[in-house]
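Reviewing the structure listed below.
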Amino acid sequence: DLHLCDRRQRQMCIRDRRLKQVFLRIISEAQSNVGNEHRISLYVNQILCRMADSKQQVSAMNDLLLPALEHIRTEYTHPISLDDLADLCSISKPHLIRCFKKYLNCTPHEYLLSYRLKQSKQMLIGSQNTVEQIAELCGFNSASHFTRAFRGATGITPSEFRRLQF
């Protein structure tokens with residue numbers, strides 16, 4: 001459920017490219033007639049360090065932001081404030097925003113909006129509720145606010161989306 005923006009995906013691809021280069025060095029070194037075990041060991045160590053670093057970042061994100069993410073998942077139908085999320089994580093609002101941007105590449109508000117829109121799409125496809133009912137069930141202040149947010153994210157209205165799915 002974690003949504004990553006293009007910049008984060010590019011960073012991950014760069015890391016993958018670097019890992020690929022290290023793997024290729026290992027293969028090249030192993031295939032050479034004078035394969036150097038120490039050099040191969042160094043390359044393997046580089047890979048393990050990169051993998052450990054990425055796992056530590058995910059762990060840090062989980063420890064820090066998990067209360068906010070869980071709150072969004074369970075309470076998205078109700079108003080959620082930045083104060084609520086910061087209090088749940090026991091950090092300041094600016095720090096919460098920085099952490100969301102660092103680990104999820106979006107603000108808490110953008111994450112909440114994205115989660116609400118995801119839930120609304122499931123309801124548009126899987127229920128006979130009206131657009132107004134879905135807007136209310138997904139925590140939007142009004143059907144017009146829901147429609148503006150939906151169109152902004154998808155380029156079509158909720159009604160058009162529903163018609164495309166059937």
Side-chain angles (χ1 to χ4, degrees), residues 1-21 47 49-166:
D1 285 325
L2 303 179
H3 301 281
L4 303 173
C5 80
D6 290 336
R7 191 181 99 218
R8 178 75 170 170
Q9 289 172 343
R10 281 195 308 271
Q11 288 173 345
M12 291 174 73
C13 290
I14 290 169
R15 278 193 207 131
D16 289 347
R17 253 185 271 133
R18 289 179 185 156
L19 285 176
K20 183 178 178 180
Q21 289 172 347
I47 290 170
C49 286
R50 287 187 194 276
M51 291 171 66
D53 182 50
S54 67
K55 286 182 183 178
Q56 286 173 352
Q57 283 188 353
V58 169
S59 177
M61 186 228 19
N62 283 341
D63 292 345
L64 190 62
L65 296 181
L66 190 60
L69 298 175
E70 285 299 319
H71 187 70
I72 288 171
R73 287 185 192 116
T74 59
E75 301 296 324
Y76 71 94
T77 60
H78 305 289
I80 296 176
S81 72
L82 195 57
D83 288 321
D84 294 338
L85 298 177
D87 288 345
L88 285 167
C89 295
S90 302
I91 57 177
S92 68
K93 293 186 293 187
H95 189 59
L96 178 73
I97 293 168
R98 279 192 304 274
C99 289
F100 261 80
K101 286 182 179 179
K102 177 179 179 179
Y103 295 117
L104 302 174
N105 275 347
C106 62
T107 65
H109 179 264
E110 290 166 341
Y111 184 87
L112 174 61
L113 179 61
S114 175
Y115 191 81
R116 285 176 170 164
L117 290 172
K118 177 183 170 193
Q119 298 305 313
S120 71
K121 288 176 186 176
Q122 291 175 353
M123 289 183 194
L124 286 165
I125 294 169
S127 78
Q128 296 302 312
N129 291 336
T130 65
V131 169
E132 291 78 12
Q133 291 169 327
I134 292 172
E136 184 179 339
L137 289 169
C138 290
F140 288 94
N141 293 332
S142 67
S144 63
H145 178 239
F146 169 54
T147 300
R148 273 194 313 276
F150 196 95
R151 184 188 303 237
T154 64
I156 59 176
T157 66
S159 298
E160 292 168 336
F161 177 83
R162 179 176 261 168
R163 281 193 296 270
L164 290 174
Q165 299 305 311
F166 291 109

Minimal non-hydrogen separation, Arg162 against Met123, with atom names = NH2-O, 3.7 Å

task = Taking the side chain as every heavy atom from C-beta outward, state whether Thr157 and Phe150 have any atom pair closer than 4.5 Å.
result = no

query = Is there side-chain contact between Ile134 and Pro158, with at least one heavy-atom pair below 4.5 Å?
reply = no

query = Is any side-chain heavy atom of Phe161 closer than 4.5 Å to a side-chain heavy atom of Thr154?
reply = no

ask   = salt bridge (Lys or Arg N to Asp or Glu O under 4.0 Å): which pairs involve residues 128-149, sequence neighbours left out?
value = none

ask   = Would you say Cys138 and Lys121 make side-chain contact, with heavy atoms under 4.5 Å?
value = no

Let me check something: any side-chain donor-acceptor pairs from residues 85-94 under 3.5 Å, sequence neighbours excluded? List them with distances.
residue	atom	partner	partner atom	Å
Ser92	OG	His95	N	3.2
Lys93	NZ	Asp83	OD1	3.2

message = Are Thr107 and Leu112 packed together at the side-chain level, in the sense that at least one heavy-atom pair is separated by less than 4.5 angstrom?
response = no

key: Any donor-acceptor pair under 3.5 Å from Thr147 side chain to Ala143 backbone   = yes

task = Please name the pair of heavy atoms, one in Ala149 and one in Leu117, separated by the smallest distance, quoted to 0.1 Å.
result = O-CD1, 3.9 Å

ask   = Between Phe100 and Ile72, what is the shortest heavy-atom contact and its length?
value = CZ-CD1, 4.5 Å

request  = List for me each residue that meets ring-ring contact (aromatic ring centres under 6.0 Å, His included) alongside His109, sequence neighbours excluded, and say none if there are none.
outcome  = none

ask   = What heavy-atom pair brings Asn129 and Leu137 nearest, and what distance separates the two atoms?
value = ND2-CD1, 3.4 Å

Gln119 and Arg116: CA distance, side-chain angles, deciding distance, side chain to side chain contact (heavy atoms under 4.5 Å, CB included) verdict = CA-CA 5 Å; Gln119 298 305 313; Arg116 285 176 170 164; 5.8 Å; no

query = Which heavy atom in Gln133 sits nearest to a heavy atom in Thr130, and how many Å separate them?
reply = OE1-N, 2.7 Å

task = Identify, with sequence neighbours excluded, every residue that meets ring-ring contact (aromatic ring centres under 6.0 Å, His included) alongside Phe140.
result = His145, Phe146

task = With sequence neighbours left out, write down each residue that passes side chain to side chain donor-acceptor pair (under 3.5 Å) with Ser81, or none if nothing qualifies.
result = Asp84

task = Indicate yes or no: at least one non-hydrogen side-chain atom of Leu69 is less than 4.5 angstrom from one of Tyr111.
result = yes

message = Among residues at least two apart in sequence or on other chains, which ones pass side chain to side chain donor-acceptor pair (under 3.5 Å) with Ser144?
response = Ser142

query = What residues, two or more places apart in sequence or in another chain, satisfy salt bridge (Lys or Arg N to Asp or Glu O under 4.0 Å) together with Glu70?
reply = Arg73

